[in-house]
Amino acid sequence: MKTRILSLGLAMTMTMSLLAGCGGSKSESWKVTCPWAPSGVAAMVSQKAAAKSPEYSENITLIAEAIKGDAATVNTWVADTKPTDRELVFVGEGLLSITSIIDPAKMQFDYDNFTYVENLYSSIFILSADTKLNIKTIDDLKAYVEKGNEISVAVNGATSSEAFLAAALFSSMGAGDDLKLTPYQSAAEAAQAVAKGETQFAVSHQSQILETYQQGGVNIVCAFDEKALDDGPFAGVEGVGEHGYPYFRNRCLIMAPAGADAAKVTELKDLYDKILADEEVATWLQDTMLLEVDPMSKEEIEAHIENVKNIVNEYKDVVVG
């Protein structure tokens, strides 16, 4: 009997130690909501970051959740999330700089409803052209526009980032009424339209047009960035900024609720920075997703949002009609 009591006492001591260890843990699960396509780029990168989070923090585990939606999803998130909740959400210039101007009734929030954490990635859009046009440079494109040729550009949605970039570039070149923006239901459809002969041009993410380009279906004319692309299959493609044309990158901003604890936001930013600095993640982003690791300060993000707003305000009549 004495041996049995001793064994029971030892078992209870071990159990209490395990429970104490669990109870004393500071590990927190933070849900990261992606309010866009569950199979889209942002959702995939978020899943990758979540899987890496235990390697870089004993205190925070990221849980990726993708929900098909957009403004309505973020409306709900803002309404339901308190500053003390362990919740993060993605927003970008599409909502903060385009929808806020073109269709503000869809939004029940603005930038002040969030606390900026980090930029998950940057994507540089590119312009592709039907090979029959033999347009391979910005100078070729400008000469084509100046001749008064018909211009149809495939874009992902009627008021998308791609639509405004196309409007800004071709309008700056003097396209005027010759420009026709052709919206598609998805980014993939828009990217493929030019190869099918449905349009003369398309604005897309690099990854969406890569296979068609490798098969010789399109020429890549330019990138919507300040300079030529440095890396990847499109390295050396001219940046429109080199010629003085407007541009912006697509960015995926990780946001905490407004009023979130500053120390916790710093901890989250540090975690994301470590994940994005991981060699495997950086290589996967660059080589597989054709995205860039691009950590940004709060001031840089606010400047990005304002730049896109300026482009939207200048070219909204071209896009909306």
Side-chain angles (χ1 to χ4, degrees), residues 12-36 38 40-67 69 73-74 76-92 95-96 109 111-122 251-286 288-289 291-302 304:
M12 289 181 66
T13 300
M14 292 175 65
T15 301
M16 290 178 68
S17 296
L18 287 169
L19 289 172
C22 292
S25 173
K26 295 181 179 179
S27 181
E28 303 173 348
S29 294
W30 283 72
K31 185 171 75 172
V32 188
T33 297
C34 174
W36 304 309
V41 170
M44 292 173 65
V45 180
S46 184
Q47 288 282 358
K48 189 79 167 179
K52 279 285 183 180
S53 62
E55 296 182 26
Y56 290 102
S57 178
E58 296 178 355
N59 302 329
I60 296 175
T61 300
L62 303 174
I63 308 296
E65 179 173 301
I67 303 172
T73 305
V74 183
T76 301
W77 188 92
V78 170
D80 294 348
T81 306
K82 300 184 290 294
T84 53
D85 289 342
R86 295 169 185 169
E87 294 265 359
L88 300 173
V89 69
F90 293 152
V91 295
L95 291 175
L96 298 174
F109 61 88
Y111 180 78
D112 292 335
N113 287 110
F114 308 102
T115 299
Y116 172 64
V117 178
E118 186 54 282
N119 175 38
L120 187 63
Y121 61 79
S122 285
R251 289 180 164 116
C252 184
L253 313 182
I254 304 161
M255 298 292 205
D261 180 73
K264 185 59 63 178
V265 171
T266 298
E267 188 176 359
L268 286 161
K269 179 177 172 57
D270 289 344
L271 173 57
Y272 270 106
D273 287 346
K274 289 174 183 176
I275 293 169
L276 293 173
D278 180 282
E279 185 175 350
E280 178 196 341
V281 174
T283 300
W284 176 77
L285 282 171
Q286 179 177 305
T288 303
M289 305 302 290
L291 302 171
E292 290 195 8
V293 175
D294 188 17
M296 301 177 72
S297 68
K298 180 175 180 288
E299 291 73 23
E300 288 172 327
I301 282 300
E302 290 174 355
H304 165 65

Next item on the list: For Gln286, check side-chain hydrogen bond (donor to acceptor under 3.5 Å, both in side chains) against everything at least two apart and list the hits.
Entry: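 None.
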Notebook entry, point to check: Considering residues at least two apart in sequence or located in another chain, which fulfil the side-chain hydrogen bond (donor to acceptor under 3.5 Å, both in side chains) criterion with Ser57?
Noted result: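 By the side-chain hydrogen bond (donor to acceptor under 3.5 Å, both in side chains) rule, Ser57 matches no residue at all.
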Quick one: salt bridge (charged side-chain N to carboxylate O under 4.0 Å, His left out) partners of [X], sequence neighbours excluded?
{"X": "Asp85", "value": "Lys82"}
{"X": "Lys31", "value": "Glu65, Glu87"}
{"X": "Asp273", "value": "Lys269"}
{"X": "Glu55", "value": "Lys52"}

Next item on the list: Go through Leu88 and Thr33 one step at a time and tell me if the side-chain contact (heavy atoms from CB on, under 4.5 Å) criterion holds.
Entry: CA-CA 6 Å; Leu88 300 173; Thr33 297; over 6 Å; no
Distance-minimising heavy-atom pair for [X] and [Y]:
{"X": "Ala43", "Y": "Ala66", "result": "CB-CB, 3.8 Å"}
{"X": "Leu276", "Y": "Val281", "result": "CA-CG1, 4.4 Å"}
{"X": "Ile63", "Y": "Ser29", "result": "CG1-CB, 4.1 Å"}
{"X": "Thr115", "Y": "Ala258", "result": "OG1-CA, 3.4 Å"}

Supply the atom-to-atom distance [X] [atom1] to [Y] [atom2], rounded to the nearest 0.5 angstrom.
{"X": "Ile254", "Y": "Leu268", "atom1": "CD1", "atom2": "CG", "value": "9.0 Å"}
{"X": "Glu58", "Y": "Ser53", "atom1": "CD", "atom2": "OG", "value": "12.5 Å"}
{"X": "Asp261", "Y": "Glu267", "atom1": "CG", "atom2": "CD", "value": "9.5 Å"}
{"X": "Met255", "Y": "Leu253", "atom1": "CE", "atom2": "CG", "value": "5.0 Å"}
{"X": "Asp294", "Y": "His304", "atom1": "CG", "atom2": "NE2", "value": "9.5 Å"}

Checklist line | Intermediate values then yes/no, side-chain contact (heavy atoms from CB on, under 4.5 Å), Ser27 and Ile60 | finding: CA-CA 5 Å; Ser27 181; Ile60 296 175; over 6 Å; no
Note to self: Quick one, Glu28 with Asn59, criterion side-chain hydrogen bond (donor to acceptor under 3.5 Å, both in side chains). Give me CA distance, side-chain angles, the key distance, then yes/no.
What the structure shows: CA-CA 6 Å; Glu28 303 173 348; Asn59 302 329; over 6 Å; no
Notebook entry, point to check: Would the Phe114 and Phe109 ring centres measure less than 6.0 Å apart?
Noted result: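 So the answer is yes for these two rings.
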Check: Testing Asp80, Val74, Thr81 for side chain to side chain contact (heavy atoms under 4.5 Å, CB included) with Val78, which one passes?
Finding: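 Of Asp80, Val74, Thr81, side chain to side chain contact (heavy atoms under 4.5 Å, CB included) with Val78 is met by Val74 alone.
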Checklist line | Test: Arg251 and Glu118 ion pair at under 4.0 Å | finding: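 No, no charged N to carboxylate O under 4.0 Å.
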Name all residues meeting the side chain to side chain contact (heavy atoms under 4.5 Å, CB included) criterion together with [X]; count only those two or more places apart in sequence or in a different chain, and write none if there are none.
{"X": "Lys274", "result": "Tyr56"}
{"X": "Ala42", "result": "Cys34, Trp36, Phe90, Tyr121, Cys252"}
{"X": "Thr266", "result": "Asp270"}
{"X": "Ala49", "result": "Tyr272, Ile275"}

Notebook entry, point to check: Is there a donor-acceptor contact under 3.5 Å linking the side chains of Glu302 and Tyr116?
Noted result: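 Side chains of Glu302 and Tyr116: no pair found under 3.5 Å.
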Next item on the list: Check the pair Lys48, Leu285 against side-chain contact (heavy atoms from CB on, under 4.5 Å), reporting the backbone distance first and the verdict last.
Entry: CA-CA 10 Å; Lys48 189 79 167 179; Leu285 282 171; over 6 Å; no
